[in-house]
Amino acid sequence: MAKRAVSAVETVTDNSYQRVVRAGDDVVTLTATYDPQKNGFQLMLMLRDATTLLTMLANVRRVLDCDAPSDIIRQALQHAGLKDMALQDVVRIPGVWSVFEAGCRAILGQQVSLTAAVKLLNQLVNLCMPCSGFPTPQQVLACDIQQLRMPEARKRALRDFASLAASASEEQIMATMCEIKGIGPWTRQYVMLRGCSEPDIWLENDLVIKKQVKHLGVNAANCSPWRSYLTLQLWSLA
C-alpha cells in the first residue's frame, strides 16, 4: 500500500494506514493502527453522521483484508508451487476504497511503471480537489485532464469511465465498464482484485505474471479459490 499511496489522500507507515474519505457530505480522516497484542487494528475517526459508521467499518475491514484466512491461503500458495523461501510474509489484498478509485488507478497504470502511475494519480487528485479525499466522478469530469501526460486514448477512457461512474452503482460499473474503449479484461480484473477484494482473480495475461509462472513453475489452478493472493505474491517477487 505504501508503494501505491496517493500523498494527498493516504499516509502509510510500518504499522498504520491513514486516509481521507467521504462520508455523505462530510470529509473524514481515519487512521487504522496495528495493535500486535490484540492482533488487530485500532481505528480512529470522527463522524458527524453516525449512520455511515457501519458501512465505513465494513470497508476498512475489506481494504485491510482483516478477514483473510491467512493459514489456508498460505497452504494454497504452497500447493500452487511457491516455496517457503519465496513466500512473502504478508498474505493480504491491499484494498482500494472504492470501485471508482480502483478503476482510475488501473486506467492510469496501463502500460506504465508503478512510479509513473502513482505520479499520475497524484496529479489527478491535485487537479480535482486536493486534500479532500480521492476525487469523485463529477470532479474528474470537471477538471482539465488534458494536463495529464498520457496518451489521448487513455484520457478518453478515464473521462468515459468517470461519466459511467457518475450515474451508476458499483455493480453497474463492473457490469458495463468493458464497453468503454480502452478498458479491457485486465483493467476490470484489477478493479475486481483491489476495488472489490475478490479472492480468486488470476491475471494470467499480465506480462509479469506470465514470466513469474514460467520462472517459478507455478500451477495457478492449484491455488483456487485464492488466486488473487497468488497474483499479488508473483508481483511482489518480480
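FYI, the numbering just counts along the sequence from 1. All of these numbers come straight from a predicted model, not from anything done at the bench.
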Would you check if [X] and [Y] make a side-chain contact, meaning some heavy-atom pair closer than 4.5 Å?
X: Thr136; Y: Arg22; value: yes
X: Asn15; Y: Pro36; value: no
X: Ile107; Y: Ile183; value: yes
X: Arg159; Y: Val140; value: no
X: Asp206; Y: Thr231; value: no
X: Leu120; Y: Arg154; value: no
X: Leu64; Y: Arg92; value: no
X: Leu158; Y: Met150; value: yes

With rounding to the nearest 0.5 Å, note down the distance linking [atom1] in [X] to [atom2] in [Y].
X: Ile209; Y: Trp235; atom1: CD1; atom2: CH2; answer: 6.0 Å
X: Leu230; Y: Gln212; atom1: CG; atom2: CD; answer: 10.0 Å
X: Ile73; Y: Asp65; atom1: CD1; atom2: CG; answer: 6.5 Å
X: Leu43; Y: Asp35; atom1: CG; atom2: CG; answer: 12.5 Å
X: Leu82; Y: Arg74; atom1: CG; atom2: CZ; answer: 10.0 Å
X: Thr33; Y: Met44; atom1: OG1; atom2: CE; answer: 8.0 Å

Applying a strict under-4.5 Å side-chain criterion to I, L, V, M, F, W and Y, I'd like to know whether [X] and [Y] cluster together.
X: Val20; Y: Phe41; value: no
X: Met174; Y: Val63; value: no
X: Trp186; Y: Ile201; value: yes
X: Leu57; Y: Val96; value: no
X: Tyr17; Y: Leu121; value: no

Can you tell whether the side chains of Lys181 and Asp160 come within less than 4.0 Å, N to carboxylate O? no

Side-chain donor or acceptor of [X] paired with backbone N/O of [Y] under 3.5 Å:
X: Asn59; Y: Trp97; value: yes
X: Ser224; Y: Ala220; value: no
X: Ser228; Y: Glu198; value: yes
X: Arg156; Y: Pro151; value: no

Would you mind listing every side-chain hydrogen bond (donor to acceptor under 3.5 Å, both in side chains) that reaches into residues 115-125, with sequence neighbours excluded? Ser7-Asn122

Least distance between heavy atoms, [X] atom then [Y] atom:
X: Arg4; Y: Tyr190; result: NE-OH, 4.4 Å
X: Val91; Y: Ser70; result: O-OG, 3.8 Å
X: Ser169; Y: Gln172; result: N-OE1, 2.8 Å
X: Asp200; Y: Trp226; result: OD1-N, 3.4 Å
X: Leu141; Y: Ala166; result: CD1-CB, 4.2 Å
X: Phe134; Y: Arg19; result: CB-NH2, 4.0 Å

Is it the case that over 12 heavy atoms from other parts of the model lie below 6.0 angstrom from the CD atom of Gln146? yes

Answer yes or no: does atom CE of Met1 have more than 12 heavy-atom neighbours from other residues, nucleotides or ligands under 6.0 Å? yes

From CA spacing to verdict: side-chain hydrogen bond (donor to acceptor under 3.5 Å, both in side chains), Ser98, Glu170: CA-CA 8 Å; Ser98 70; Glu170 291 199 338; 4.8 Å; no

Let me see the working for Leu148 and Leu127 under side-chain contact (heavy atoms from CB on, under 4.5 Å), right down to the final yes or no. CA-CA 9 Å; Leu148 298 176; Leu127 282 172; 3.9 Å; yes

Holding to salt bridge (charged side-chain N to carboxylate O under 4.0 Å, His left out), I want the full list of residues that pass it with Arg105, two or more places apart in sequence or in another chain. Glu10, Glu101

Over 60° means perpendicular and under 30° means parallel, so tell me whether Phe100 and Phe161 are parallel, tilted or perpendicular. parallel

